[in-house]
Structure formats: C-alpha cells, structure tokens
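Beneath this line is the structure, given in structure tokens, with notes to follow.
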Amino acid sequence: MDYVKPLKKLKTGGRNNIVFVGRYVQSEKLSGPEKFSRRIFAKIADRMPAENVSFIQYFFDGRKYSLREKMFGFNETEYDGAKVYRAGLFTFYRMLKKLRPAVIHITAFERFSVIAVLYRMLNRVKIVYTCNGVVKYENSELKKEPFLYRLKDSICERIIFRFSDKIVFPSANALDISKKYYKNSAMKAAVIPHGIDEVFCKAVGSPAANTETGKAINAVFLYKNVLNNSGLDFLMNFLKSDESKVILHIITKHEINTAGVNSVINVIQPMETSELAEFYRDKDVFFSLNEYDTFSISTAEAMAAGVIPVVTNQTGVSSFIEDGANGFTVSYGDTQHLSGIINTILSMDQNKQLELKRNASAIYEKLNWDIAADSYMQHYKQLSGDLND
C-alpha cells in the first residue's frame with residue numbers, strides 16, 4: 001500500500017485547532033499510554049467541531065514501512081468524524097503548517113514528536129505534554145537499554161520538557177520522579193489522573209465468587225512489559241513464602257516462570273476492553289505491586305469493576321486508596337505485610353467483602369475520561385485564547 005500522498009487535500013486550519021501527537025492504536029489491546037492517547041483524543045473530539053481536532057502519528061514499524069515512507073509518507077483515516085494522519089518526519093512539519101494548531105498535545109513520549117517542538121519554536125502555538133513516565137529513568141534503571149538508545153531518548157525528552165508550555169503528570173508520584181531529572185518541571189506542571197472506561201463501571205453488580213469466609217481469593221495480575229518485572233518478582237516471592245489461598249490469573253503474552261509457587265496460577269492472554277471488564281466480574285483482588293508505576297489505569301479499571309486493589313505505595317493510583325475502606329496499600333517488597341492483607345481479606349464475611357468492593361467501584365466517580373478531558377480543556381483554553389468555548 002502506498003502511503004506517500006500529497007498534502008493538498010488537507011484543509012488549512014484555523015487558530016482554534018488542537019493537534020494530538022503520539023501513537024494511535026486501533027486495537028483495544030492497549031498499553032496505558034496508548035489507551036490514554038485514544039481516549040483523550042476521542043473525548044476532546046466530542047467537545048469540539050470535528051474539523052478542529054486531529055491526530056498525527058508516525059510510521060513506527062521499521063519492518064513494515066520503508067525509509068521513504070518514514071521521511072515523506074502520508075496517510076489519512078477517520079474515526080468518528082475526527083481525522084487521524086500518519087506522516088513521515090518531513091511531512092509532519094508540513095502538516096502542522098497547514099493545520100495551524102493553537103495547541104499541540106503530545107500524548108506520550110515518542111522521538112518524532114520533537115518535530116512538533118521545532119514547529120513551536122518557529123510558530124505561534126502552545127505545547128501540552130503528558131508525561132506518563134520519565135524515560136531517562138526508565139531506560140537507565142529499569143530497561144537497561146544500550147547507551148546510544150538511551151542518549152537519543154534523553155536528548156529528545158530534554159527538548160520536550162524544555163519547550164513544552166504545560167507538562168501534565170497522571171499522579172504526584174510521577175511529578176516527584178521528574179523533579180530528580182528535570183528540576184524546572186514543577187514550574188509548568190499539572191496533575192491530571194487518567195480515566196476509566198464506563199464499561200468497567202457497568203461490570204459491577206454480579207454476585208462475587210468469593211462470598212464465604214476463608215474461601216480462596218480469586219486474584220488478577222497484569223504483566224505487560226519489563227516495567228512490570230518488579231511487581232511480578234514481589235508477587236512471586238510472596239507466593240513462594242506463603243501457603244496462601246490465592247488463585248492467581250496472570251494476564252500476559254509473555255512466558256512466566258512459576259516454579260516453586262504455592263498457589264494455582266492461570267496464564268491468560270491479553271483481552272480487549274469489553275472482554276476484560278466481563279472477566280473481572282467474579283474476581284476478588286487486583287495486584288499492582290510494582291516498585292515503579294507513575295499511574296495504573298489497569299488498577300483503576302479493576303476497582304471500577306468492583307475488584308479490591310492491593311497496591312504498592314510507589315504506584316501513583318495509591319493516593320486514591322484508603323486502607324481497609326476501598327483497598328489496601330503495601331510497601332514494595334514487604335511480603336509479611338502483604339500476607340497480612342491477604343489474611344484480612346480471607347477473614348472478611350460476605351457483607352464486609354461486598355462493602356469493600358462497592359467502595360472500590362466508586363473510584364469511577366473520581367476517575368473517568370470525561371473528568372480528565374474537562375481538565376485538559378481548561379488547560380488548552382488557559383494556554384490559548386483562540387479555542388472555541
């Protein structure tokens with residue numbers, strides 16, 4: 001398929017345009033940043049005329065796209081009336097010149113988004129950057145990436161931090177980490193938590209599988225990538241040292257070593273959103289045990305579905321959890337405390353468990369995509385007086 005097309009069909013935009021820049025994935029099997037990009041784009045598109053909102057992404061897959069496409073390619077699609085473009089590096093800048101946005105929202109870290117920063121330096125536009133995680137920290141401490149890879153990411157991230165007009169973090173934890181690497185980030189920072197899909201809220205209400213005191217806990221853990229290694233290590237250490245009554249469902253596409261574990265473990269392939277919401281209907285506990293996690297959309301979604309969260313204090317969503325009321329928090333690596341939490345849940349009677357589940361599901365009233373979109377709209381308007389009310 002030839003993606004190298006002229007830009008003459010692009011309508012010259014007004015100064016009230018918002019252009020989103022990031023990665024637009026059509027599948028519903030999404031990472032946290034991918035889900036944020038899709039949901040916030042859709043919600044802002046609902047609040048503005050369709051012709052004023054668009055999304056630009058890159059030809060990411062090097063095995064699928066040629067060098068020519070990566071430099072000069074162009075493709076146009078449409079979702080619910082809003083345009084989604086795929087552009088090569090040189091085409092990207094030309095598109096921005098034609099669209100003339102008032103605000104460019106970089107929804108996640110991608111190197112190609114530096115082109116948007118270059119456009120900002122030469123034109124009248126404001127940039128909002130959603131920092132889902134500090135890449136410099138992740139590459140050096142968690143992923144152990146090669147030096148050249150880390151260097152390129154570090155340069156691009158520093159440029160984005162330096163020239164963005166507003167940097168939005170999904171949690172105070174994420175902001176605190178950024179301060180260690182970018183000391184001036186707090187001066188233009190805002191904290192806007194990510195949202196929850198309504199389908200998870202609708203999953204609440206079916207009878208819980210675990211309504212008998214002492215019955216095995218039906219638990220879930222999501223393992224998406226290397227950033228989840230610490231949480232898996234903590235969980236496995238706990239299950240190896242404790243004869244706990246836990247039936248664990250690990251949702252992952254990766255191989256998991258379960259040797260020496262004293263619990264039943266089922267490995268399940270990742271699901272699309274509606275299927276995942278249905279899966280949560282008879283589950284009791286959701287584990288989010290990472291040593292580093294700026295925010296966990298997955299935890300918030302599980303809570304909205306009425307699943308009791310057990311999370312580390314290092315997880316950004318932990319600020320929404322009141323111990324014993326709508327979930328539990330634990331210090332990373334403290335297997336003894338985690339064992340006590342599990343025993344507490346096991347000892348609860350039916351009414352207490354159901355109360356805890358209902359309290360957990362109330363998170364949807366605080367964290368949903370409409371609330372997040374309204375907050376972003378306020379920042380767009382503050383940055384640019386050209387946006388339509």
For this session: Applying side-chain hydrogen bond (donor to acceptor under 3.5 Å, both in side chains), run through T294 and N173 and close with a yes or a no.
Result: CA-CA 6 Å; T294 58; N173 286 23; over 6 Å; no
Exercise. Would V264 and L248 count as a side chain to side chain contact (heavy atoms under 4.5 Å, CB included) if you check the C-alpha gap in whole Å, the side-chain angles of each, and the deciding distance to 0.1 Å?
Worked result: CA-CA 6 Å; V264 176; L248 181 63; over 6 Å; no
For this session: Fit a plane to each ring of F36 and Y376, take the angle between them on a 0 to 90° scale, and name the class: parallel (under 30°), tilted (30 to 60°) or perpendicular (over 60°).
Result: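 The rings of F36 and Y376 sit tilted, inter-plane angle from 30° to 60°.
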Exercise. Taking the inter-plane angle between the rings of F55 and Y24 on a 0 to 90° scale, is it parallel (under 30°), tilted (30 to 60°) or perpendicular (over 60°)?
Worked result: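 Ring orientation, 0 to 90° scale: perpendicular.
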Mind checking whether [X] and [Y] have side chains closer than 4.5 Å, heavy atoms only?
| X | Y | answer |
| --- | --- | --- |
| P101 | Y119 | yes |
| Y85 | S54 | yes |
| I265 | I250 | yes |
| V311 | V330 | no |
| F200 | T273 | yes |
| E28 | V25 | no |
| I155 | L151 | yes |
| L227 | N290 | no |

Exercise. If two hydrophobic side chains count as joined below 4.5 Å and joins carry through other members, does I342 share a cluster with I247?
Worked result: no
For this session: Please collect all salt bridge (charged side-chain N to carboxylate O under 4.0 Å, His left out) contacts where either partner lies in residues 360-370, sequence neighbours excluded, each pair once.
Result: K43-D370, R47-D370
Are a donor atom and an acceptor atom from the side chains of [X] and [Y] found within less than 3.5 Å of each other?
| X | Y | result |
| --- | --- | --- |
| E157 | Y182 | yes |
| S331 | H337 | no |
| T344 | S347 | no |
| D284 | N218 | no |
| Q26 | Y79 | yes |
| T335 | N237 | no |

Does this structure show an ion pair linking [X] with [Y], if we count only N-O contacts that are shorter than 4.0 Å?
| X | Y | answer |
| --- | --- | --- |
| D176 | K179 | yes |
| K188 | D165 | no |
| R281 | E278 | yes |
| K29 | E272 | no |
| K35 | E301 | yes |

Problem set entry | Expected output: side-chain N52 to main-chain M48 donor-acceptor under 3.5 Å |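 Side chain of N52 to backbone of M48, a donor-acceptor pair under 3.5 Å: no, none is there.
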For this session: Apply ring pair (Phe, Tyr, Trp, His ring centres under 6.0 Å) to F279 and H249, showing your working.
Result: CA-CA 10 Å; F279 177 77; H249 306 273; 5.7 Å; yes
For this session: Answer with yes or no after comparing the ring centroid distance for F112 and F60 against a 6.0 Å cut-off, counting only values under it.
Result: yes
Exercise. Between F287 and F221, is the gap from one ring center to the other below 6.0 Å?
Worked result: no
Taking all non-hydrogen atoms of both residues into account, name the closest pair between [X] and [Y] and its distance.
| X | Y | answer |
| --- | --- | --- |
| G306 | K357 | O-CG, 3.1 Å |
| C131 | I167 | CB-CG2, 4.1 Å |
| G88 | F59 | N-CE1, 3.5 Å |
| A300 | I363 | O-CG2, 3.7 Å |
| P170 | A174 | CD-CB, 4.0 Å |
| A360 | V307 | CB-O, 3.9 Å |

Exercise. Partners of F295 by ring pair (Phe, Tyr, Trp, His ring centres under 6.0 Å), sequence neighbours excluded?
Worked result: H194
Enter the distance from [X]:[atom1] to [Y]:[atom2] here, rounded to the nearest 0.5 Å.
| X | Y | atom1 | atom2 | answer |
| --- | --- | --- | --- | --- |
| L122 | L96 | CG | CG | 11.5 Å |
| S66 | M71 | OG | CE | 10.0 Å |
| Y223 | L232 | OH | CG | 6.5 Å |
| I44 | Y380 | CD1 | OH | 4.5 Å |
| E51 | L99 | CD | CG | 12.0 Å |
| L235 | L289 | CG | CG | 5.5 Å |

Problem set entry | Six-ring centre of F238, K240 cation under 6.0 angstrom, axis tolerance 45° | no
Exercise. For Y58, is the NZ or CZ atom of R86 found under 6.0 angstrom from the centre of its six-membered ring and inside 45 degrees of the ring axis?
Worked result: no
Exercise. Which residue pairs pass the ring-ring contact (aromatic ring centres under 6.0 Å, His included) test when at least one of the two sits in residues 127-153, sequence neighbours left out?
Worked result: Y129-F161, Y137-Y292
Exercise. Are I106 and V128 close enough, and set up right, to give a side chain to side chain contact (heavy atoms under 4.5 Å, CB included), and what steps lead you there?
Worked result: CA-CA 6 Å; I106 301 173; V128 175; over 6 Å; no
For this session: Check the pair T312 / T315 against side-chain hydrogen bond (donor to acceptor under 3.5 Å, both in side chains), numbers first and verdict last.
Result: CA-CA 6 Å; T312 50; T315 300; 3.0 Å; yes
For this session: Might you confirm whether atom CD of E78 has over 12 heavy atoms from other residues, nucleotides or ligands at distances under 6.0 Å?
Result: yes
